[in-house]
Amino acid sequence: MMSLDEQPSVLLAEELPLVGMDLSDTLEQAGYRVLGPASTATEALSLLEQERPTLAVIGLAVRDELCTALVHALRQRGVAFLVHSGYRQDDLLADAFRDVPWIIKPAPPEDVVSVLDELSLTAAAAPVRLAEPSGVRANPLVRKLERFAPLSDVDRAVLEQICANPRIVPPQTDLVREGDRPDGVFVVLSGFACRHKLRASGARQINAYLLPGDLCDLDVALLDEMDHTITTLSTCTVVRLAPELIADLLTHHPQIARALRKNTLVDEATLREWLMNVGRRSSVERMAHLFCELLLRFRAVGLAPEDSYPLPLTQADLADTTGITSVHVSRSLKELRQGGLIELQGGRLKILDYARLRALAEFRANYLHLGDRAAA
């Protein structure tokens with residue numbers, strides 16, 4: 001059993017007593033030691049003076065000056081934190097709250113714990129990444145771009161540097177919305193996001209998945225406004241690259257530029273294949289094709305051990321992707337399971353017989369341009 005000293009501690013500042021009690025119980029059940037809950041920033045600052053926590057959750061009025069002081073104190077002590085607020089994260093907030101994991105109230109306590117777990121892993125991994133030897137390249141963006149062009153040590157170092165300060169984004173968060181003015185390119189370092197469009201009725205068509213190592217729209221700065229929305233489907237770690245940074249990469253790093261351009265061509269080829277999927281394949285073939293594609297894309301960045309990869313999607317997500325109903329999704333998954341082709345459990349999909357799954361879908365990996373190593 002883990003001792004109290006070994007347990008990660010969480011400073012919980014929550015202005016609503018019932019929410020604080022509920023969240024405190026869930027955190028303790030998840031293995032955290034809770035400091036608080038404090039119902040005011042003053043109480044939280046007092047607790048912070050007594051003990052430096054591992055992490056913090058702030059559920060206070062974020063526009064309050066004392067809350068800003070609390071955030072400043074946490075930053076001074078190097079304590080990673082997330083905000084659990086009734087406010088939306090917007091440009092009106094102080095700089096202290098920029099690039100912070102943000103969850104809108106009301107949210108299930110389990111969602112807060114999930115994001116906190118991700119934050120804990122990111123905070124713990126930061127010093128380890130700095131100490132990695134130069135031969136170890138776990139960064140998914142580096143791994144992906146190396147498929148498309150040979151990168152120098154300088155190129156790799158530049159890519160590592162631009163990914164050095166990611167932020168954690170909760171599931172079902174819009175990174176950018178249709179109609180927004182583009183303000184940089186997002187890189188997904190972990191998790192599952194998607195591009196999609198919405199009808200007035202709320203019906204959604206997902207037209208791309210964004211996996212670790214993927215960029216969202218390289219040349220988006222050329223547009224006056226976004227013509228689609230990009231949303232996280234699971235907890236994601238992302239980095240935003242400013243337009244001027246992208247311009248610098250394209251101008252001064254020709255091999256990175258070549259890899260990025262080829263990546264854009266692959267995105268376009270993938271969209272064409274998804275159009276074929278929705279228009280000309282049966283329900284079960286669509287699902288099989290999608291699962292084959294995801295295997296190779298995760299494999300390309302080293303995230304598909306033993307033909308298994310994360311699939312934190314609902315049946316509704318899969319329905320919106322393949323253009324079928326949730327009922328047809330359920331039937332197709334059942335058929336693939338009963339055929340001994342896949343196993344889906346605990347948010348992970350394992351492909352049991354890739355050759356048969358590929359034959360069923362008539363899957364050809366040429367549109368991914370990953371080379372023989374990934375497509376084998």
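Predicted, not measured: the structure shown is a model, and the values here were computed from it. Throughout, residue positions are numbered sequentially from 1 according to the sequence presented. Because only heavy atoms are used, hydrogens play no part in the values below, and waters and symmetry mates are left out as well, while side chains stay in.
Connection of Leu151 to Leu245 is established within a shared hydrophobic cluster, with ILVMFWY side chains joined at heavy-atom distances below 4.5 Å, either directly or through further cluster members. Both Val239 and Leu260 are assigned to one and the same hydrophobic cluster, defined by single-linkage of ILVMFWY side chains at heavy-atom distances under 4.5 Å. Residues Phe186 and Leu241 are members of one and the same hydrophobic cluster, defined by side-chain heavy-atom contacts under 4.5 angstrom among Ile, Leu, Val, Met, Phe, Trp and Tyr. The cluster map of Ile, Leu, Val, Met, Phe, Trp and Tyr, joined by side-chain heavy atoms under 4.5 Å apart, puts Leu368 and Leu357 in the same cluster. Residues Leu271 and Tyr367 are members of separate hydrophobic clusters, defined by side-chain heavy-atom contacts under 4.5 angstrom among Ile, Leu, Val, Met, Phe, Trp and Tyr.
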- Hey, mind stepping through Ile162 and Leu159 against side chain to side chain contact (heavy atoms under 4.5 Å, CB included) and telling me if it holds? CA-CA 5 Å; Ile162 65 176; Leu159 293 172; 4.0 Å; yes
- Going through the distances and angles, do Ile58 and Leu82 end up as a side chain to side chain contact (heavy atoms under 4.5 Å, CB included)? CA-CA 6 Å; Ile58 298 176; Leu82 67 86; over 6 Å; no
- Task: Please step through side chain to side chain contact (heavy atoms under 4.5 Å, CB included) for the pair Glu335 and Gln338, ending with a clear verdict.
- Result: CA-CA 5 Å; Glu335 185 173 337; Gln338 290 181 341; 5.7 Å; no
- Apply side chain to side chain contact (heavy atoms under 4.5 Å, CB included) to Arg33 and Glu51, showing your working. CA-CA 12 Å; Arg33 181 168 58 87; Glu51 180 180 343; 2.7 Å; yes
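Interatomic distance, Ile103 CD1 to Ile168 CD1, rounded to the nearest 0.5 Å: 10.0 Å. We find the CG-NE2 distance between Leu294 and His289 to be 11.0 Å, quoted to the nearest 0.5 Å. In this structure, the separation between CZ on Arg337 and CG on Leu352 is 11.0 Å, given to the nearest 0.5 Å. Atom CD of residue Glu293 and atom CZ of residue Arg358 lie 15.0 Å apart, to the nearest 0.5 angstrom. Of the inter-residue distances, the one linking Met287 atom CE with Leu360 atom CG reads 11.5 Å to the nearest 0.5 angstrom. If you take CG on Leu70 and CG on Leu47, they are separated by 10.0 Å, rounding to the nearest 0.5 Å.
Counted within 6.0 Å of CG on Asn165, heavy atoms from surrounding residues, nucleotides or ligands total 12 or fewer; the atom is thus considered open. Within 6.0 Å of NE2 in His328 there are 12 or fewer heavy atoms belonging to other residues, nucleotides or ligands. Remark: Arg364 CZ is loosely packed, at most 12 non-hydrogen atoms of other residues, nucleotides or ligands lying under 6.0 Å away. Heavy-atom contacts from other residues, nucleotides or ligands closer than 6.0 Å to CD of Gln345 number 12 or fewer. Sparse packing is recorded around CD of Glu362, with 12 or fewer heavy atoms of other residues, nucleotides or ligands lying under 6.0 Å away.
Arg331 places no side-chain N or O within 3.5 Å of a backbone atom of Val284 that could act as its donor or acceptor partner. In this structure, Arg240 contributes its side chain and Asp183 its backbone to a donor-acceptor pair below 3.5 Å. Without hydrogens or angle criteria, Glu285 side chain to Ala361 main chain gives no donor-acceptor distance under 3.5 Å. Side-chain atoms of Thr251 come within 3.5 Å of backbone atoms of Ala247 as a donor-acceptor pair (strictly under, hydrogens ignored). Using a distance-only test at 3.5 Å, with no hydrogens or angles considered, a donor-acceptor pair links the side chain of Thr232 to the main chain of Pro170. With Thr270 contributing its side chain and Val266 its backbone, the two residues share a donor-acceptor pair below 3.5 Å. Arg356 places a side-chain N or O within 3.5 Å of a backbone atom of Gly339 that can act as its donor or acceptor partner. Between the side chain of Asp155 and the backbone N or O of Ser152, at least one donor-acceptor pair lies under 3.5 Å. In this structure a side-chain-to-backbone donor-acceptor pair under 3.5 Å is missing from Ser330 to Val327. Between the side chain of Ser234 and the backbone N or O of Phe192, at least one donor-acceptor pair lies under 3.5 Å.
Applying the side-chain contact (heavy atoms from CB on, under 4.5 Å) test between Pro140 and each of Val188, Leu189, Leu145 identifies Leu189 as the sole match.
Under the 4.5 Å side-chain criterion, counting only non-hydrogen atoms from C-beta, Val79 is not in contact with Leu11. Side-chain contact between Val142 and Glu146 is present, with at least one heavy-atom pair separated by less than 4.5 Å. In this structure, His72 and Arg75 have side chains that are not in contact, with every pair of non-hydrogen atoms separated by 4.5 Å or more. Counting heavy atoms from C-beta on, the side chains of Leu55 and Phe81 never come closer than 4.5 Å. For the pair Arg177/Met226, no side-chain contact is recorded, criterion being any heavy-atom separation below 4.5 Å from C-beta on. Proximity of Leu311 to Leu313: side-chain heavy atoms (C-beta onward) are separated by under 4.5 Å at one or more points. With a 4.5 Å cut-off on side-chain heavy atoms, Leu341 and Phe291 do not count as touching. Between Val57 and Val10, some side-chain heavy-atom pair lies under the 4.5 Å cut-off.
Between Tyr309 and Phe298, the two ring planes are parallel [angle under 30°; tilted spans 30° to 60°].
With salt bridges taken as basic N to acidic carboxylate O contacts below 4.0 Å, one links Arg204 and Asp317. With respect to Glu49 and Arg77, a salt bridge is recorded, a charged nitrogen being found less than 4.0 Å from a carboxylate O. Electrostatic pairing of Glu273 and Arg281 counts as a salt bridge here, judged by a charged N lying under 4.0 Å from a carboxylate O. Salt bridge status for Asp227 with Lys197: absent, with no side-chain N to carboxylate O gap under 4.0 Å.
Taking both residues in full, the closest heavy atoms of Gly20 and Leu12 are given as O-CD2, 3.6 Å, listed atom of the first, atom of the second, then distance. When all heavy atoms of Met21 and Pro37 are compared, the pair lying nearest together is N-CG, 4.5 Å. In plain terms, the two heavy atoms of Ala149 and Arg258 that are nearest each other are CB-CD, 4.1 Å. Heavy-atom minimum distance, Val113 versus Ala30: CG1-CB, 3.7 Å. The minimum heavy-atom distance linking Ser283 with Ile324 is given by the pair OG-CG2, 3.6 Å. Nearest heavy-atom pair, Val176 versus Thr229, reported as atom, atom and distance to 0.1 Å: O-CG2, 3.3 Å.
When only modelled atom types and interatomic distance are considered, Glu43 and Ser39 share a side-chain donor-acceptor pair under 3.5 Å. Between Tyr32 and Thr54, the side chains place no donor N or O within less than 3.5 Å of an acceptor N or O (distance only, hydrogens not considered).
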Identify all side-chain donor-acceptor contacts of residues 211-224 below 3.5 Å with residues at least two apart in sequence or on another chain.
unit_1	atom_1	unit_2	atom_2	d
Asp214	OD1	Lys144	NZ	2.4
Asp214	OD2	Leu211	N	2.7
Asp214	OD2	Arg297	NH2	2.7
Asp217	OD1	Arg195	NE	3.2
Asp217	OD1	Arg195	NH2	3.4
Asp217	OD2	His228	NE2	3.1
Asp219	OD1	Arg261	NH1	3.0
Asp219	OD2	Arg261	NH1	2.9

